There are 2 protein chains.
Amino acid sequence: MAEAFRAHGFEGASLSIISKATGLGKGSLYNFFPGGKEEMLAAVLADIDQWFDRIIFTPLERAADPATAISAMMRDVEAYFHSGGRVCLVGWIGLGAARDPFALQVKGYFARWISALTHCLETARVPASAAGQLAEEAVAGIQGAIILSRALDDGGAFTRLVRHHQSCLLDATAAFGSATVIEL
Amino acid sequence: MAEAFRAHGFEGASLSIISKATGLGKGSLYNFFPGGKEEMLAAVLADIDQWFDRIIFTPLERAADPATAISAMMRDVEAYFHSGGRVCLVGWIGLGAARDPFALQVKGYFARWISALTHCLETARVPASAAGQLAEEAVAGIQGAIILSRALDDGGAFTRLVRHHQSCLLDATAAFGSATVIEL
DNA sequence: GTCTATAAAGCGATAGAC
DNA sequence: GTCTATCGCTTTATAGAC
């Protein structure tokens, strides 16, 4: 079902498409989701958020080694988005006028991502203001990489851009974090 | 009509929405666009491309002063996208499975933008490989800024991100371009 | 719980009056 | 060239058999 929404968006994913994608009849779908398509997408978004919470957000927040955590995040992000071949459904939903019922979920997803990454950078002794800025740039950069690589049909662009942002983040952790090493 | 597609996307923008947005009846719309909704969006995309060609791409390509041209681009981009309050229709269309009829227009838009910006940077004596990379980052960054600022409902994020990318580009022109000034 | 049948509404698109 | 009326189809959603 998530892939049906990812491929067609909210308005484009008809119940017949979702039915085929899930292998369930419309009756069954409405049995699971009495709220209809809107509830289906809300469930998908919640599932996505749960996955990111477990694989991306929490590890960033609890990282003992920030640099390793950042590298792991970028590796998982690249795998998750299939090097740009897979769309970010949350970002997509945020674009349209039909986002209103999901606005909170969309906002929460990105706010949490930025917050977790900011916290990770601060663990590496990056000053709060710089950390917040860098995190914002990285999260936005990933979204931009998806848009661009899909538009150009070039997964290489996604990989290049993600690597670049990884370097920016790691440079920051090294610049501030390893200053301690020098001081010792 | 463009705003109707921008607000609702291709599938979400019904003919009745387009009809209200344009003030034209369905009959009139089909008189102008016998190919239906698909032809309407193609025309909108062509119009967008024309605007960018005139205001963004060509000035970048013909810039005598690269730094000024880059600043002008960012200023116009911020105005055009209403600091993130207005979506990039071209990027949006590229996301969905329904993009196929427009894939060439979408690809051309971004390829041209990157190419023009790359050329502008090269005018400032930025080496070709660095220029291409920087241009890709800036264009992707703008797209990411739109996604993020809409998701967070925070136009400030858009402005911050665009300013950052402007600085990155200007730093590059200064680093390579003004070496000449020092040499003189 | 899953299916088929169906209702009611909206869709894209067309025809024809003016 | 613009409108209204309408066609045929798909949509979301529901009802009811099993």
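As the structure is a prediction and not an experimental result, all values here were calculated from the model. Heavy-atom basis, side chains included; hydrogens, waters and symmetry copies ignored. Order of the sequence lines sets the chain letters (A, B, ...), proteins ahead of strands, with each chain counted from 1.
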State, yes or no, whether a side-chain contact exists between B:L95 and A:R150 at a heavy-atom distance under 4.5 Å.
yes

Side-chain heavy atoms of A:L60 within contact of A:H119, under 4.5 Å
no

Using whole Å, report how far CG of B:L41 lies from P of C:dA13.
12 Å

Quick one, B:E11 and A:F10 - any side-chain contact, counting heavy atoms below 4.5 Å?
no

Between B:D154 and B:R160, is there a salt bridge with N-O shorter than 4.0 Å?
yes

Roughly, in whole Å, what's the span from CD1 in B:I17 to C1' in D:dT11?
14 Å

Please list every donor-acceptor pair under 3.5 Å in which a side-chain atom of residues 138-146 of chain A meets a protein atom from a residue at least two apart or in another chain.
none

With the threshold set at under 4.0 Å for non-hydrogen atoms, list the residues of residues 93-105 of chain A touching DNA chain D in residue-number order.
none

Counting just side-chain N and O atoms, does B:S28 come under 4.0 Å of either OP1 or OP2 of D:dG1?
no

Using whole Å, what does the distance between atom P of nucleotide D:dT2 and atom CG of B:L29 come to?
9 Å

May I ask you to decide whether A:R6 forms a salt bridge with A:E3, counting only side-chain N to carboxylate O separations under 4.0 Å?
yes

CZ of B:F10 versus P of C:dG12: gap in Å, rounded?
9 Å

Tell me, what's DNA chain D's dot-bracket, Watson-Crick or G-U with both distances under 3.5 Å, | for other-strand, [ ] crossing?
||||||||||||||||||

Phosphate contact (C:dG10 OP1 or OP2) by B:S14 side-chain N/O below 4.0 Å
no

For atom CG of A:N31 and atom P of C:dC3, their distance in whole Å:
11 Å

Decide yes or no for B:Y109 and B:C88: does some side-chain heavy atom of the first lie under 4.5 Å from some side-chain heavy atom of the second?
yes

Roughly how many Å is it from NE2 in A:H8 to P in D:dT12, rounded to a whole number?
12 Å

A:T68: partners by side chain to side chain donor-acceptor pair (under 3.5 Å), with sequence neighbours left out
A:D65

Could you check if a side-chain atom of A:V77 sits within less than 4.5 angstrom of a side-chain atom of A:W113, using non-hydrogen atoms only?
yes

Can you find a heavy atom in the side chain of A:L117 that is under 4.5 Å from one in the side chain of A:M73?
yes

Establish, with yes or no, whether the OP1 or OP2 oxygen of D:dT10 is under 4.0 angstrom from a side-chain nitrogen or oxygen of A:S16.
no

A:Q133: what forms a side chain to side chain donor-acceptor pair (under 3.5 Å) with it, not counting sequence neighbours?
A:E137

Sugar-phosphate atoms are those with a prime plus P, OP1 and OP2; base atoms are the rest. Using that split, label each nucleotide of nucleotides 13-18 of chain D B, S or - for protein heavy atoms under 4.0 Å, 5' to 3'.
BB----

